[in-house]
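Just below is one structure, and these are the notes that go with it.
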Amino acid sequence: MSLAASAQPRRDWEYVEAWGMSSGGAARVIRPRSTEELQAALAAARAAGVRVAPRGTGCSYGDASTQRDGWVLDLTQMKQVLSFDPAQGVLEAEAGLSVRGAWQHILPHGWWPYVVSGTMFPTLAGAAAMNIHGKNNYRVGTFGDHIQEFDLVLPSGEVRTASRESNSELFHAAIGGLGMLGIFSRVVMETKRVHSGLMEVRGVSTHDLREMMEVFEAEKEGADYLVGWIDCFPGGDRSGRGLVHVGRNLDPGEDSDPAATLDVRAQSLPANILGVFPKSEVWRALRLFNHDAGMRLVNSVKYLAGRLEGMKDPYLQSHAAFHFLLDFVPNWKWAYGRRDRRGLIQYQVFLPKETAHDALIELLERCREREHVSYLGVLKRHRPDPFWLTHALDGWSLALDFKVDDLRRASLWEHCHNLTELVLAAGGKFYFAKDSVLRPQDVGRFLPAEKLEAFRALKEELDPEGMLQTDLSARLFQA
Ligand SMILES: Cc1cc2nc3c(=O)[nH]c(=O)nc-3n(C[C@H](O)[C@H](O)[C@H](O)COP(=O)(O)OP(=O)(O)OC[C@H]3O[C@@H](n4cnc5c(N)ncnc54)[C@H](O)[C@@H]3O)c2cc1C
């Protein structure tokens, strides 16, 4: 712990952890409610000479918004909607507003955020700082592609406004810039017209990865959303088997009562499963299966259920149910163990379309060989974007959830380093919101040198004392 940090009163120190629970540490947590309080907190940190990590809801799987023995600025109290134009769908909000707060405000007017993550809890600031992608990345790009303008509070307290036209460098660096250049305090973003609170969803069961990719390519033009679930256990000619969900927004007139389905109450996720079991307790049942044999069984059952789903007609589902499936079971991550430094990590690899298939097959094979099989595999299709530290490319990503336990922690990290070599050799990239395992030497092998250099120069200019720093940025950018 730094001298300055240890001199602070411990009253407001808390244990702040990664979403996946596999890392964390004590930090002094400050929760500003306005730009003035934020500026005061930055001034206090400057005077104390401490490192400060901006944090939203803490939904990054790894150490992206933790700060062991430093200060954490929790920005979730800055969450007011400042304006919304129901004719144009432009939302202006304080940046600590959650994705949930945003869609609940705009949906009754017939709008939906262009890009949402698999959970509705991230803040707009966290979404901007990581430049998140959705199940439609191949079609509409990333979160940053739909931001028109933002205010960034610099470590000095100065507020800078940036857009594509004004302060364009800052705009393209701070979006996806990991909170290292300043604190987002206000965001203006365009949203997408929807004509119903329901979507049409279709399941397509696939025998292997090749077939899954072919389904994506065939559906790409017509589908608003595409996401593939992969059973990572079987090898050979069943490697990469799974289920694709094809989502389509309804056209005007397809929903006979849009006012009813656009009502926020029509989007709520049911509290019970099969009308009986309280969802809040489901993680306890999942825990019984949270080992290789159990998860092999769960994945097989899911695959068989997917085969049946693939035979059914398309069905209607609310936006919330389609997008936020992972929120359906509250605290499902606890099934991975709630003890300190256990839990899970997510390891999401991005591969160019030319190398993706073979590299992913090899990667799944190595996971089976090393007996570190992911309990959940999710495939998405992506397109490039103009942001400096972007993870996106014209290709594919596969997100893998790995269980972390004391006995095999070191072996899991070594396994991921081995996979990283494979991905880098295939021209691939990584995504910091999901990272726990990259090493400093890996970063320069997937981010362009000129962008990294320009980013470092901007950091030096805006934050010469290096105040804004997270455990992730210290791990990857300080060495
Ligand atoms: C179940 C689950 C599903 C997910 N699905 C997806 C998905 O489909 N696609 C996807 O792209 N991501 C996904 N994510 C990741 C998540 O969207 C990102 O990690 C997002 O950044 C989390 O936002 P947050 O508000 O929780 O920010 P945090 O995790 O708290 O912070 C993320 C980053 O933002 C910075 N930051 C936070 N607030 C500010 C601020 N005001 N100003 C400047 N910097 C700030 C932090 O320093 C950190 O670098 C998922 C996460 C979970 C847990």
Side-chain angles (χ1 to χ4, degrees), residues 16-21 29 31-32 35 38 41-42 51-67 70 72-79 93-102 115-137 142-144 150-155 174-187 225 227 323-333 343-346 348 350 376 378 380 382 389-392 397 399 401 431-435 463 468-474 476-477:
V16 180
E17 67 181 4
W19 188 87
M21 305 172 297
V29 182
R31 298 185 168 85
T35 300
L38 170 57
L42 289 169
R51 301 179 305 270
V52 175
R55 183 171 169 96
T57 321
C59 284
S60 295
Y61 276 76
D63 51 1
S65 62
T66 61
Q67 174 56 277
V72 165
L73 275 180
D74 173 335
L75 295 146
T76 53
Q77 300 310 305
M78 294 176 63
K79 57 181 178 192
E94 287 184 326
L97 181 72
S98 65
V99 169
R100 176 170 67 168
V115 175
V116 296
S117 49
T119 171
M120 63 174 99
F121 299 115
T123 59
L124 303 186
M130 284 301 179
N131 197 19
I132 67 166
H133 59 264
K135 300 173 179 71
N136 52 356
N137 189 214
T142 49
F143 192 81
F150 59 73
D151 285 346
L152 201 69
V153 182
L154 304 182
I175 292 176
L178 317 170
M180 285 168 69
L181 300 178
I183 312 283
F184 291 108
S185 57
R186 183 184 67 99
V187 175
Y225 300 94
V227 62
H323 289 288
F324 309 123
L325 185 71
L326 290 168
D327 295 340
F328 195 78
V329 178
N331 298 317
W332 58 267
K333 64 179 181 177
L344 73 157
I345 58 170
Q346 192 174 94
Q348 185 172 11
F350 289 73
L376 176 67
V378 176
K380 290 184 192 142
H382 300 270
L389 303 189
T390 186
H391 54 278
S397 77
D401 285 7
Y431 178 28
F432 298 112
K434 308 293 183 72
D435 178 54
D463 184 15
L468 295 178
Q469 207 183 109
T470 61
D471 288 334
L472 180 138
S473 68
L476 295 179
F477 291 90

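First listed ligand is number 1; within each ligand, the first listed atom is number 1. Below, all heavy atoms of this structure are taken into account, side chains as well, without hydrogens, waters or symmetry copies.
Within the 4.0 Å heavy-atom cutoff, Gly182 counts among the residues contacting ligand 1. Taking 4.0 Å as the cut-off, Met180 does not count as a neighbour of ligand 1 on heavy-atom distance. In this structure, Gly58 is part of the shell of residues with a heavy atom less than 4.0 angstrom from ligand 1.
Listed by number with element, the atoms of ligand 1 under 4.0 Å from a non-hydrogen atom of Ala64 are 46 (C), 47 (O), 48 (C), 49 (O). Close approach of ligand 1 to Ala129 (heavy-atom distance below 4.0 Å) involves ligand atoms 34 (O), 35 (C), 36 (N), 44 (N), 45 (C). The distance from ligand 1 to the heavy atoms of Leu178 drops below 4.0 Å at these ligand atoms: 47 (O), 49 (O). The contact set between ligand 1 and Leu326, taken as ligand atoms under 4.0 Å from a residue heavy atom, comprises 1 (C), 3 (C). The atoms of ligand 1 that sit less than 4.0 Å from any heavy atom of Ala433 are 18 (C), 19 (O). Close contacts of ligand 1 with Ala125, meaning ligand atoms under 4.0 Å from a residue heavy atom, involve 38 (N), 39 (C), 40 (C), 41 (N).
Scanning both residues, Leu472 and Asp435, for their nearest heavy atoms gives CD1-O, 4.1 Å. Scanning all heavy atoms of the two residues, the minimum distance from Phe184 to Ala95 falls at O-CB, 3.4 Å. Minimum interatomic distance between Met21 and Gly343 (heavy atoms only, all atoms of both residues): CE-CA, 3.7 Å. The minimum heavy-atom distance between Thr123 and Gly96, with the atom names listed, is CG2-O, 3.4 Å.
Contacts of Thr123 with ligand 1, taken as heavy-atom pairs under 4.0 Å, involve both backbone and side chain. Here Ser117 has heavy atoms under 4.0 Å from ligand 1 in both its backbone and its side chain. For Lys434, every heavy-atom contact with ligand 1 shorter than 4.0 Å involves the side chain, none the backbone. Contacts between Tyr431 and ligand 1, counted as non-hydrogen atom pairs separated by less than 4.0 Å, involve the side chain only. Residue-level proximity to ligand 1 for Arg186 is absent, since no heavy atom of it falls below 4.0 angstrom. Contacts with ligand 1 closer than 4.0 Å are made by heavy atoms of both the backbone and the side chain of Ile183. When non-hydrogen atoms are compared, ligand 1 lies under 4.0 Å from the side chain of Tyr61 (C-beta onward) but not from its backbone. Contact annotation for Arg55 and ligand 1: heavy atoms of both the backbone and the side chain come within less than 4.0 Å of the ligand. The side chain of Trp19, and not its backbone, has at least one atom closer than 4.0 Å to an atom of ligand 1 (non-hydrogen atoms only; side chain from C-beta on).
Going from atom CE of Met130 over to atom OH of Tyr431 covers 7.0 Å, rounded to the nearest 0.5 Å. Interatomic distance, Trp332 CH2 to Leu325 CG, rounded to the nearest 0.5 Å: 10.5 Å. We find the CZ-CG distance between Arg55 and Leu75 to be 11.0 Å, quoted to the nearest 0.5 Å. The OG1 atom of Thr142 sits 11.0 Å away from atom NE2 of His382, with the distance rounded to the nearest 0.5 Å. Note that CD1 of Ile175 is 12.0 Å distant from CG of Leu389, once rounded to the nearest 0.5 Å. Taken from NZ in Lys434 to CH2 in Trp19, the straight-line distance is 10.0 Å, to the nearest 0.5 Å.
The closest donor-acceptor contact from the side chain of Thr57 to the backbone of Phe121 lies under 3.5 Å. Using modelled atom types, no side-chain atom of Asp471 and backbone atom of Asp63 make a donor-acceptor pair closer than 3.5 Å. Ser117 contributes a side-chain N or O that, together with a main-chain N or O of Thr119, makes up a donor-acceptor pair within less than 3.5 Å. A donor-acceptor pair is defined here as one N or O able to donate and one able to accept, closer than 3.5 Å; such a pair exists between the side chain of Lys135 and the backbone of His323. Put simply, the side chain of Arg100 never gets that close to the backbone of Met120: no donor and acceptor are under 3.5 Å apart. Checking side-chain atoms of Asn131 against main-chain N and O of Gly144 turns up a donor-acceptor pair under 3.5 Å.
Side-chain contact of His391 with His133: a donor-acceptor pair under 3.5 Å is present, judged by distance alone.
Looking only at protein heavy atoms, the nearest one to atom 28 (P) of ligand 1 is Ser65 OG, 3.5 Å. Looking from atom 37 (C) of ligand 1 to the surrounding protein, the closest heavy atom is Gly56 N, 3.4 Å. From the protein, the heavy atom lying nearest to atom 24 (P) of ligand 1 is Thr57 N, 3.5 Å. Nearest to atom 23 (O) of ligand 1 among the protein's heavy atoms is Pro122 CB, 3.3 Å. Of all protein heavy atoms, the one closest to atom 27 (O) of ligand 1 is Gly126 CA, 3.6 Å. Looking only at protein heavy atoms, the nearest one to atom 9 (N) of ligand 1 is His133 O, 2.7 Å. When only non-hydrogen protein atoms are considered, atom 3 (C) of ligand 1 lies nearest to Thr119 CG2, 3.6 Å. Nearest non-hydrogen protein atom to atom 26 (O) of ligand 1 is Cys59 N, 2.8 Å.
No side-chain heavy atom of Met180 sits under 4.5 Å from any side-chain heavy atom of Asp463. Inter-residue side-chain proximity for Asp401 and Gln346 is flagged as met; some heavy-atom pair is nearer than 4.5 Å.
Residue-to-ligand polar distances place Ser60 within reach of ligand 1: an N/O pair is separated by less than 3.5 Å. Among the atoms of Gly134, none of the N or O lies under 3.5 angstrom from an N or O of ligand 1. Between Trp332 and ligand 1, not a single N/O pair is under 3.5 Å apart. The shortest N or O to N or O distance between Phe184 and ligand 1 is under 3.5 Å. The distance criterion of under 3.5 Å between nitrogen or oxygen atoms is not met by Met130 with respect to ligand 1.
Nearest residue to atom 46 (C) of ligand 1 from Gly179, Gly176, Pro54 is Pro54 (criterion: closest heavy atom). Looking at Gly118, Gly62, Ala95, it is Gly118 that brings a heavy atom closest to atom 5 (N) of ligand 1.
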